[in-house]
Amino acid sequence: MPTIIYVITIVYILAINLYGILMLRFQKKDREENEETRPSVSDTKIMLAGLLGGATGIFVFMFIFKYRLKSLFMMVLMPIFIVLNVYMIFAFFNGGVGYFIAN
């Protein structure tokens, strides 16, 4: 039973990272095409995706897409979210919910 929880967690982390990467790409593409219009993806949605587990993918692809590299807020907040995400995953499997499922 615990192995299914590990698989679900890995699939979730991969999916939320992919979602965050795609949001970055679509916002970057929209800004390049239409400078006058408002971007379709807000920074709040990107922050929420980072907080929910996609911070690693978002942070790496910020450098690849050259997106918001001058924004101190994004450059400081994403590494904090990465540390928080890693801590939550370790806490989940080392003493949190994983302990109650295994016993």
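Values in this document were obtained by computation on a predicted structure and should not be read as measured data.
No continuous path of ILVMFWY side-chain contacts below 4.5 Å connects I21 to L14, so the two sit in separate hydrophobic clusters. Using a 4.5 Å cut-off between side-chain heavy atoms of Ile, Leu, Val, Met, Phe, Trp and Tyr, with links allowed through other members, L18 and F26 fall into the same hydrophobic cluster. Cluster membership for V83 and F63, using ILVMFWY side-chain heavy atoms within less than 4.5 angstrom, is not shared.
Through direct or relayed side-chain contacts under 4.5 Å between Ile, Leu, Val, Met, Phe, Trp and Tyr, V76 connects to L72, I80.
Taking the six-membered ring for Trp and thresholds of 30 and 60 degrees, F61 and F65 have ring planes inclined between 30 and 60 degrees apart.
With contacts defined as side-chain heavy-atom distances shorter than 4.5 Å, the pair L77/L51 does not qualify. Inter-residue side-chain proximity for Q27 and D43 is flagged as met; some heavy-atom pair is nearer than 4.5 Å. By the 4.5 Å heavy-atom criterion applied to side chains, M47 and M74 are counted as neighbours. Residues Y12 and L52 form a side-chain contact, since some pair of their non-hydrogen atoms from C-beta on lies under 4.5 Å apart. Put simply, the side chain of I5 reaches to within 4.5 Å of the side chain of T9, judged on heavy atoms. Proximity of L22 to Y19: side-chain heavy atoms (C-beta onward) are nowhere separated by under 4.5 Å.
Within a 6.0 Å radius of CZ in F59, more than 12 heavy atoms belonging to other residues, nucleotides or ligands are found. Counting heavy atoms of neighbouring residues, nucleotides and ligands inside a 6.0 Å radius, atom CE of M88 does not exceed 12 of them.
Within the model, atoms CD1 of I10 and CD1 of I89 stand 9.5 Å from one another, a figure rounded to the nearest 0.5 Å. Once rounded to the nearest 0.5 Å, the distance linking CG of N85 with CD1 of I13 reads 6.5 Å.
G20 and A49 make their closest contact through CA-CB, 4.4 Å (heavy atoms, listed as atom of the first residue, atom of the second, distance). Smallest separation of non-hydrogen atoms from G50 and I58: N-CD1, 3.7 Å.
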